[in-house]
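This one's a predicted model, so the numbers in the text were calculated from it and none came from an experiment. Both counts, for ligands and for their atoms, begin at 1 and track the order of listing. Here, residue 1 is the first one in the sequence, and each next residue gets the next number.
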Amino acid sequence: MRVLILGGTTEASELTRLLAVDPRFQATVSLAGRTANPSAQPVPTRIGGFGGVDGLMAWLKHDATQAVIDATHPYADQISSNAVAACARLAVPLASIVRPAWEPQPGDTWFPVASAEAAAEALGPEPRRVFLSLGRLELGAFAKAPHHRYVARTIDPPDDVALPPHIQLLAGRGPFDPEAETMLLEREKIDVLVSKNSGGAATYAKIEAARRLGILVVMIARPQKLRGHAVENAEAAVTWLEQRRPHRTTCCSARGV
Ligand code: NAP
C-alpha cells in the first residue's frame, strides 16, 4: 500500500520507522524543508512545498498514493487544510495524528495569547528578561518590543529574520531535560517564558522548569487545524492503515469464528 506521511514531528519519525520495516507498506515522507539538516529518514523523502492543494493533488495522483497520514505539528495548519481538501477531492483516505495539548498543572501560571505578535504585546511596557522557545520565523514578532532582553533557542540560526536588538541566540533541538532547562532559566534570570502549546514530551521540560521557578508562561494558542480521521499516535496510524489495505485477508474473528 502506498502511503504519504506529512512529517516534521516526532510522531512522523516514529511512523516512518514503523512503516520502513513493514513490507505491506511503501511509504514516502514529506518535509517542508524548514530546517537545514533534517534527521535522516529510513524511507524515501521528498522536501519542499507541493504548491498548494493543486500541487498536492498532482503529487498524490502521480505517486498513486492510497492513504495519507498527516503527522505535522499542531501549529502547521496550512498543510493540514491542504491535505483535507486534496484527499477529499481524490477520495484518498486521510488520518491525522492529533497530539494532545498540554494542560496547566497546579503551580503553572499561563497567560494565553492568540499569536506571537500578541505575545510580544503581552510582555508589557516594563523591561523583562524573556526566554523565547519558538520557531525562528516567529522571532521577528518581538522586534516590535525592543525594550526587553531576550534569550531565544531555535534549531537553525534565524539569519533570515529581523530580530529585536537585545537578543542572545542559542541553538538546540529537543528532547530537553527539566534539570538543564531549570538551570538555563535560572542562569539567564528569565522572568517570562513565551511558548507554543506543542504538546508531547520532547519540549515539555521548559514548562516544568517554569513551574518550579514560578515563572510566567505566555502561551500562544493552537490554531484550528483541519483533520482527517483522528488517531492518537504512530501505532494507531498503522492500525488505521492496516484496516484500509486493499485485498487484506479477512480475520477469523471478523467472520464470528
Ligand atoms: P504550514 O504553515 O501548515 O505550511 C505552510 C506551507 O509549507 C504549506 O502550505 C506547504 O506548502 C508547506 N509544507 C508544510 N508542511 C509540509 C510538509 N510536511 N511537506 C511538504 N510541504 C509542507 O506549516 P509550517 O508551520 O510552516 O510547518 C512546516 C513543517 O514544520 C511541518 O511539516 C510541521 O510539521 C513542521 N513543524 C512546524 C512547527 C510549527 O510550530 N509550525 C513546529 C515544528 C515542526 P505548499 O502549499 O507549497 O504545499
Side-chain angles (χ1 to χ4, degrees), residues 3-16 19 27-39 41 43-63 65 68-87 89-90 92 94-99 101-102 113-119 132-141 152-156 158 160-161 171-176 194-204 206-207 218-228 233-234 237:
V3 179
L4 174 67
I5 303 167
L6 297 170
T9 57
T10 311
E11 292 86 345
S13 299
E14 278 169 21
L15 179 60
T16 303
L19 296 190
T28 299
V29 67
S30 175
L31 304 174
R34 299 282 180 268
T35 53
N37 296 303
S39 341
Q41 304 287 327
V43 302
T45 304
R46 64 161 305 287
I47 298 183
F50 294 93
V53 176
D54 290 345
L56 179 54
M57 285 173 64
W59 194 95
L60 294 172
K61 275 197 243 177
H62 183 259
D63 179 68
T65 304
V68 177
I69 305 287
D70 178 3
T72 56
H73 193 268
Y75 286 71
D77 53 341
Q78 185 60 56
I79 186 69
S80 298
S81 152
N82 293 355
V84 166
C87 289
R89 286 191 212 163
L90 295 176
V92 172
L94 169 70
S96 307
I97 300 183
V98 179
R99 191 195 288 173
W102 298 320
V113 293
S115 63
E117 289 70 22
L132 300 176
S133 173
L134 299 171
R136 72 177 197 287
L137 300 176
E138 286 141 335
L139 300 185
R153 181 173 60 204
T154 53
I155 294 176
D156 289 317
D160 45 354
V161 180
R173 190 195 290 258
F176 298 104
V194 180
S195 176
K196 289 189 283 198
N197 192 335
S198 297
T203 60
Y204 187 64
K206 65 194 170 198
I207 305 294
V218 174
M219 188 65 88
I220 301 173
R222 287 183 169 200
Q224 290 290 332
K225 194 165 150 93
L226 298 184
R227 64 191 190 202
N233 53 34

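- Closest to atom 47 (O) of ligand 1, if we only count protein heavy atoms, is G51 N, 2.9 Å.
- Annotation: side chain of H73 is in contact with side chain of S198 (closest heavy-atom distance under 4.5 Å).
- Residue D77 has at least one heavy-atom neighbour below 4.0 Å for each of these atoms of ligand 1: 3 (O).
- Residues P74 and N197 fail the side-chain proximity criterion, which asks for heavy atoms closer than 4.5 Å.
- Among A76, S30, S80, P223, the residue whose heavy atom sits closest to atom 27 (O) of ligand 1 is A76.
- Contacts between H73 and ligand 1 below 4.0 angstrom, taking non-hydrogen atoms only, involve backbone and side chain alike.
- Counting only distance, with no hydrogens or angles, the side chain of D77 and the backbone of P223 share no donor-acceptor pair below 3.5 Å.
- Taking a 4.0 Å cut-off on heavy atoms, G135 fails to register as neighbouring ligand 1.
- Judged purely by atom type and a 3.5 angstrom limit, T35 has no side-chain atom pairing as donor or acceptor with the backbone of G33.
- In this structure, R34 contributes its side chain and R136 its backbone to no donor-acceptor pair below 3.5 Å.
- Closest to atom 30 (O) of ligand 1, if we only count protein heavy atoms, is R34 CG, 4.1 Å.
- Under a 4.0 Å heavy-atom criterion, G7 is in contact with ligand 1.
- Around atom 13 (N) of ligand 1, the closest heavy atom drawn from G52, A32, A71 belongs to A32.
- For the pair R46 (side chain) and T28 (backbone), a donor-acceptor distance under 3.5 Å is absent.
- Residue L19 is tested with I69, V29, I5 for a side chain to side chain contact (heavy atoms under 4.5 Å, CB included); the sole match is I5.
- Of all protein heavy atoms, the one lying nearest to atom 48 (O) of ligand 1 is F50 N, 2.7 Å.
- The protein heavy atom nearest to atom 10 (C) of ligand 1 is I79 CD1, 3.9 Å.
- One N or O on the side chain of K225 and one on the backbone of A76 form a donor-acceptor pair closer than 3.5 Å.
- Annotation: T9 places no N or O atom under 3.5 Å from an N or O atom of ligand 1; distance criterion only.
- Remark: minimum distance from atom 44 (C) of ligand 1 to any protein heavy atom is reached at G8 O, 3.4 Å.
- The closest side-chain heavy-atom distance from I207 to M219 is below 4.5 Å.
- When only non-hydrogen protein atoms are considered, atom 40 (O) of ligand 1 lies nearest to K196 NZ, 2.3 Å.
- The proximity of L56 to ligand 1, defined as any non-hydrogen pair under 4.0 Å, does not occur for either the backbone or the side chain.
- Near R46, the atoms of ligand 1 lying under 4.0 angstrom from a non-hydrogen atom of the residue are 20 (C).
- Taking every non-hydrogen atom of N82 and a distance limit under 4.0 Å, the qualifying atoms of ligand 1 come out as 9 (O), 46 (O).
- I220 has its side chain within reach of L134: a pair of non-hydrogen atoms, C-beta onward, lies under 4.5 Å apart.
- Judged by distance alone, the side chain of S13 and the main-chain N or O of T9 form a donor-acceptor pair under 3.5 Å.
- Numbered from 1 in the order shown, with element, the atoms of ligand 1 that lie under 4.0 Å from a heavy atom of G49 read 11 (O), 21 (N), 45 (P), 47 (O), 48 (O).
- Protein heavy atom nearest atom 1 (P) of ligand 1, with residue, atom name and distance: Q78 CB, 3.7 Å.
- Atoms of ligand 1 lying under 4.0 Å from at least one heavy atom of Y75, given by number and element, are 39 (C), 40 (O), 41 (N).
- Two residues are said to be in side-chain contact when any heavy atoms from C-beta on lie closer than 4.5 Å; V194 and E138 fail this criterion.
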